Amino acid sequence: MQMEQLVALCKRRGFLFQSSEIYGGLNGFWDYGPLGVELKRNVREDWWHSMVTAHNELVAPPGAPEPYAMTGLDCTIIMHPQVWKCSGHYDLFHDYFVDCRESNRRYRYDQIVGRWVEYDGQRILVTSYQTGDDAAADIEQKALKFFKLRAKDKDRLQWTPGSISLDKISDMSDVLAPDAKSLGTLTAPREFNLMFETHTGALRDDSSKTFLRPETAQGIFVNFKNVLDSSRVKVPFGIAQIGKSFRNEITPRNFTFRSREFEQMEIEFFCRPESSAEWYRYWRDRRYQWYLDLGLAGDRLRLRDHDPDELSHYSCGTADIEYAFPFLAPGEYGELEGVAHRGEFDLRSHMEGKLVREGDGFAVEKDEHGQPRYRGSGKDLSYFDDETKERFIPHVIEPSAGADRATLAFLCEAYCEDEQPDEKGKMQKRVVLKLHPRLAPIKAAVFPLVKKDGMPEIAKDIYAALKPWFPVFYDEKGAVGRRYRRQDEAGTPFCITVDSQTLTDGTVTVRDRDTLEQWRVHKDACAEDIRARLA
RNA sequence: GCGGGUGUAGCUCAACGGUAGAGCAGUAGCCUUCCAAGCUACCUACGAGGGUUCGACUCCCUUCACCCGCUCCA
């Protein structure tokens, strides 16, 4: 399937529109249309239902070490600025980049390393975007090439001992960029702030600056004590939250996959440190299964454990649930959800202040005066276990899913084109969205076969009887084949048709979207029939 | 943000420095007894803003969006 076809369908049928489209659109923002809003709601509600409300805290689900409770939160988008300073987002999301005018590449300013070298009276800084030994070899080779020397002449280069990072250099004119052949091709560093800023209150100065949250997780951590004090939950337990997050991405791309405003479905699961590894594996597998259950096929969906060197600074284990989106190159996968073992990092950060890695553990980052760079809340976020009489900081497992990405993956997976014979027996292309019935925006459509003989009246009665139970669509216009095809494109799993036989025995046909099979049920029983099939 | 490409109706595609066309889709009606049928009518577009010109959809500039790279992640 080509992505363009899905994008066209989404617009044609009202799943997704570009935000502010009549003004030319806004890069990185998308609106859900009449069908899209129902689809996304179903994704969200199935997640909340299966993770939170349907969870039975009295018994351990398969694979879980023991029973656990689940509860929810709905936190604000704008929070105290200190939250982001302690979480690390404030520093992490203020990146400086330089561009190379020659190679048109962009580099993170602080990740370019270089060495001064002199030959024949000219002193230049040769740089590399690689790390460690790779960088050293890379730099040497580039220096030889720049001065047009052979490898055997490398002793004629005079190196200044030690490598330096680019942020120590003020003048770029003697810098040889990582992928350039000539000097001075790098632009001055420019800041890219990935957090949206705003101001709270009437004053607009640095003291009133606040941020739109770049993730929902922090709202959960800062409310950890509130939940403990108010809900009688005991470790292990999880807190779930669904909500909008904002990242001012440098390059929004690939339809809704990377948007600047997006919705997250996150769980922070708190457990005892010694059982955290077990819980991590449980959540990883549990979350993977959720996507499988909703119809993401095995070979386009995968669970990938991160390599140790890929782990975030705080994590001691992360797995991504990934989907082979059609806009990616063959063999490439895009992240739907990250399941991270975050240890005690987050709760400790909000107690003590922003943490940095120190040896095997973490320590509060200090400023030049030896004081905490960003001060924590000072509140005790540890947990006292009444049974064992132990106090500890719970470890955290974080399954963090993108609601828009999941929705997009379900759409991609559902998009099918097949061939079905028309009334003359000629094969016709059919576009059908094979969405899981639980996700389908419309569950059933009701048609009178023809608009006469009292069929519309019967169909309208059936429509009225179904409406209280699930979203239904009534249509009496044009040929029935056309109405079927329209519902196929909307992903409606069942079509109920009133025909002449209904007039005599009261039965209607129910048509299956995927197989096109039809069966007859009594018109008073079709709500039951379809509800059973949706479950 | 930088480089390359692309912007005409809901979709796919025409034409032209001088009145923007078609197919499909949509809407209304007629006709129709199960998979995009037929007939009739209707609706709908030059991404936006400047400039050149008697006149610009067409040429130039700017901008916005989309696609492909660099970068990043839910």
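Only a predicted model underlies this, so the values are computations on that prediction, with no experimental measurement involved. We name chains A, B, ... by the order of the sequence lines, and we start the count at 1 in each one.
Applying the 3.5 Å distance criterion, the base of B:A74 shares no donor-acceptor pair with the side chain of A:E322. No hydrogens or angles were tested; on distance alone, a donor-acceptor pair under 3.5 Å links the side chain of A:Y484 to the base of B:C34.
Rounded to an integer number of Å, the gap from A:E4 CD to B:A65 P is 19 Å. Look at CG on A:L449: it is 16 Å from P on B:C31, rounded to the nearest Å. When rounded to the nearest whole Å, the span between CE of A:M3 and C1' of B:U6 equals 18 Å. In this structure, the NZ atom of A:K452 is 12 Å from the P atom of B:C30, given to the nearest Å. The separation between A:R486 atom CZ and B:C24 atom C1' is 14 Å, rounded to whole Å.
Nearest nucleotide to the side chain of A:Q18, out of B:C72, B:C66, B:A74: B:C66. Distance from the side chain of A:T497 is smallest for B:C34 among the nucleotides B:A74, B:C72, B:C34. Closest contact between the side chain of A:K11 and the listed nucleotides B:G10, B:A65, B:A74 involves B:G10. Set against B:A36, B:C73, B:C67, the side chain of A:E489 has B:A36 as its closest nucleotide. In the set B:U33, B:A36, B:A37, the nucleotide with an atom closest to the side chain of A:A479 is B:A37. Closest to the side chain of A:V480, out of B:U71, B:G69, B:C34, is B:C34. Closest to the side chain of A:R482, from the set B:A74, B:A36, B:A65, is B:A36. The side chain of A:R485 has B:C35 as its nearest neighbour among B:C34, B:C35, B:G29.
If you run side chain to side chain donor-acceptor pair (under 3.5 Å) between A:Y484 and each of A:T492, A:D475, A:T497, only A:T497 comes through.
Cation-pi geometry between A:R287 and A:W290 is met: under 6.0 angstrom from the ring centre, within 45 degrees of the axis. Because its NZ or CZ atom is not both nearer than 6.0 Å to the ring centre of A:F196 and within 45° of the ring axis, A:R260 does not count as a cation-pi partner of that residue. Both tests hold for A:R405 against A:F257: distance to the six-membered ring centre under 6.0 Å, angle to the ring axis within 45°.
Panel note: side chain A:R513, backbone A:G491; a donor-acceptor pair is recorded below 3.5 Å.
Between the side chains of A:R520 and A:Q501, at least one donor-acceptor pair of N or O atoms lies under 3.5 Å. Side-chain N/O atoms of A:T507 and A:D505 include a donor and acceptor closer than 3.5 Å.
Between A:H436 and A:D293 the shortest heavy-atom distance is CD2-O, 3.4 Å.
Summarising the geometry, atom OG belonging to A:S245 is positioned 9.5 Å from atom CD belonging to A:E261; distances are rounded to the nearest 0.5 Å.
Salt-bridge annotation for A:R511 and A:D488: present, with a side-chain N of the basic residue lying under 4.0 Å from a carboxylate O of the acidic one.
For B:C66, one of the phosphate oxygens OP1 or OP2 lies less than 4.0 angstrom from a side-chain nitrogen or oxygen of A:N27.
Mapping A:N254 and A:E263 onto RNA chain B by nearest heavy atom places A:N254 closer to the 5' end of the strand. Positionally, the nearest nucleotide of RNA chain B for A:R12 lies more toward the 5' end than for the other of A:E249 and A:R12.
The gap from the C1' atom of B:A25 to that of B:A36 amounts to 10 Å, rounded to the nearest Å.
Among the protein residues, A:R483 comes within range of no part of the nucleic acid, since none of its heavy atoms lies under 4.0 Å from any strand.
In this structure, the aromatic ring of A:F262 is positioned over the six-membered ring of the base of B:A74, centres within 5.5 Å and planes within 30°.
Using a 4.0 Å cut-off on heavy atoms, the residues of residues 511-523 of chain A that approach RNA chain B are A:R511, A:L516, A:Q518, listed by number.
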| task | Represent RNA chain B in dot-bracket notation, 5' to 3'. Only Watson-Crick or G-U wobble pairs with both distances under 3.5 Å count; pseudoknot-style crossings use [ ] and interstrand partners use |. | result | (((((((..((((....[..)))).(((((.......)))))....(((((..]....))))))))))))....
